[in-house]
Amino acid sequence: MDKIPMTPSGFQALGAELKTLKSVERPAIIQAIAEARELGDLSENAEYHSAREKQSFIEGRIKELEGVLSLADVIDPKKLSGAIKFGARVTVVDEDTEEEKTWQIVGEHEANIEAGLLNVKSPIARALIGKEEGDSVEVRTPGGDKSYEILKIIYA
């Protein structure tokens, strides 16, 4: 299987979520199922069915996180420099609206556009990779074509 690129902070966040699911969520749901079983007839026991559904979700998420973390290729952006690559924090200006935006290019499992974490597989990230400060990039987005000028590249 292919390695999954990830920043150190993304790796730590997923690890913390996994630890919480295993040490807090899983024992709590096991207790909830045991309590629901004590209520009697399981066929019409809404608490039991709800708890079993939540347990299924938690176990699925644990398996997903274990898989992702086992394939993680942790890349420390502090050790990089030069043209835009994975881990770079890039400040751009929209050439039409003059609006400045700053994104960090991260792995797909840690991406969150509202937090400025851009999926490395997104059209914008793919257009930015390999470019230098001062370059202009054209990006085809679902909302139409966009033009950005790269103002600053930081590896931190």
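From a predicted model like this one, the values you see are computed outputs, not experimental measurements. Residue numbers count from 1 along this sequence.
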**Message:** Keeping Glu133 on the side-chain end and Ile153 on the backbone end, is there a donor-acceptor pair under 3.5 Å?
**Reply:** yes

**Request:** Tell me, with the steps shown, if Leu151 and Val92 meet side chain to side chain contact (heavy atoms under 4.5 Å, CB included).
**Result:** CA-CA 5 Å; Leu151 299 178; Val92 298; 5.9 Å; no

**Message:** With a 4.5 Å cut-off on side-chain heavy atoms, are Asn119 and Ile124 touching?
**Reply:** no

**Item:** Val90 side chain reached by Trp103 side chain, heavy atoms, under 4.5 Å
**Value:** no

**Item:** From CD1 (Ile29) to OG (Ser50), nearest 0.5 Å
**Value:** 7.0 Å

**Message:** Any heavy-atom pair between the side chains of Asp145 and Val139 that's under 4.5 Å?
**Reply:** no

**Spatial distance of atom NZ (Lys63) from atom CD1 (Ile58) [nearest 0.5 Å]** = 13.5 Å

**Asked** Stepwise, does the side chain to side chain contact (heavy atoms under 4.5 Å, CB included) test hold for Met6 with Asp73?
**Response** CA-CA 6 Å; Met6 196 172 296; Asp73 180 15; over 6 Å; no

**Message:** Let me confirm one number: the CG-OG distance from Asp76 to Ser9, rounded to the nearest 0.5 Å.
**Reply:** 9.5 Å

**Message:** Between Arg61 and Glu17, does any NZ, NE, NH1 or NH2 come within less than 4.0 Å of an OD or OE carboxylate oxygen?
**Reply:** yes

**Prompt:** Under 3.5 Å, side chain of Arg126 to main-chain N/O of Lys121, donor-acceptor pair present?
**Reply:** yes

**Message:** We want to know whether Glu25 and Thr20 form a side-chain donor-acceptor pair, criterion being a heavy-atom distance below 3.5 angstrom.
**Reply:** no

**Asked** Where is the tightest heavy-atom contact between Pro27 and Ser23, given as atom of each residue plus distance?
**Response** CG-O, 3.5 Å

**Rounded distance (nearest 0.5 Å) linking atom CG of Asn112 with atom CG of Leu118** = 11.0 Å

**Request:** Go through the side-chain N and O atoms of Thr91 and Glu100 and say whether any donor and acceptor fall under 3.5 Å apart.
**Result:** no

**Request:** Measure across Ala127 and Glu138 and return the closest heavy-atom pair with its distance rounded to 0.1 Å.
**Result:** CB-O, 4.1 Å

**Asked** What are the two closest heavy atoms between Glu47 and Ala36, and how far apart are they?
**Response** C-CB, 4.0 Å

**Fill in**
Smallest heavy-atom separation, His109 atom then Ile4 atom, equals CD2-CG2, 3.8 Å

**Message:** Quick test of your reading of the model: are Glu149 and Lys131 salt-bridged, counting only N-O distances below 4.0 Å?
**Reply:** no

**Item:** Under 3.5 Å side-chain donor-acceptor pair for Gln55 and Glu59
**Value:** no

**Item:** Heavy-atom side-chain proximity of Arg26 to Leu21 below 4.5 angstrom
**Value:** no

**Prompt:** Taking all non-hydrogen atoms of both residues, which atom of Ile75 and which atom of Pro77 are closest, and how far apart?
**Reply:** O-CD, 3.1 Å

**Message:** Taking the side chain as everything from C-beta on, heavy atoms only, tell me whether Thr102 gets closer than 4.5 Å to Arg89.
**Reply:** yes

**Hphob cluster co-occupancy, Ile113 + Leu128, side-chain heavy atoms under 4.5 angstrom** = yes

**Asked** Nearest heavy-atom pair of Tyr155 and Ala88: which atoms, and what distance?
**Response** CE2-CB, 3.5 Å

**Prompt:** Tell me, do Pro123 and Arg140 make a side-chain contact under 4.5 Å, heavy atoms counted?
**Reply:** no

**Message:** In the structure I gave you, are the side-chain heavy atoms of Ile62 and Lys22 within less than 4.5 Å of one another anywhere?
**Reply:** yes

**Prompt:** Is a salt bridge present between Asp94 and Lys101, judged by a nitrogen-to-oxygen distance below 4.0 Å?
**Reply:** no

**Message:** With heavy-atom distances below 4.5 Å as the criterion, would you say the side chains of Arg37 and Tyr48 are in contact?
**Reply:** yes

**Message:** Using only atom types and a distance under 3.5 Å, with no angle test, would you say the side chain of Glu110 pairs donor to acceptor with the backbone of Thr7?
**Reply:** yes

**Common cluster, Leu80/Ile150, ILVMFWY with side-chain heavy-atom separation under 4.5 Å** = yes

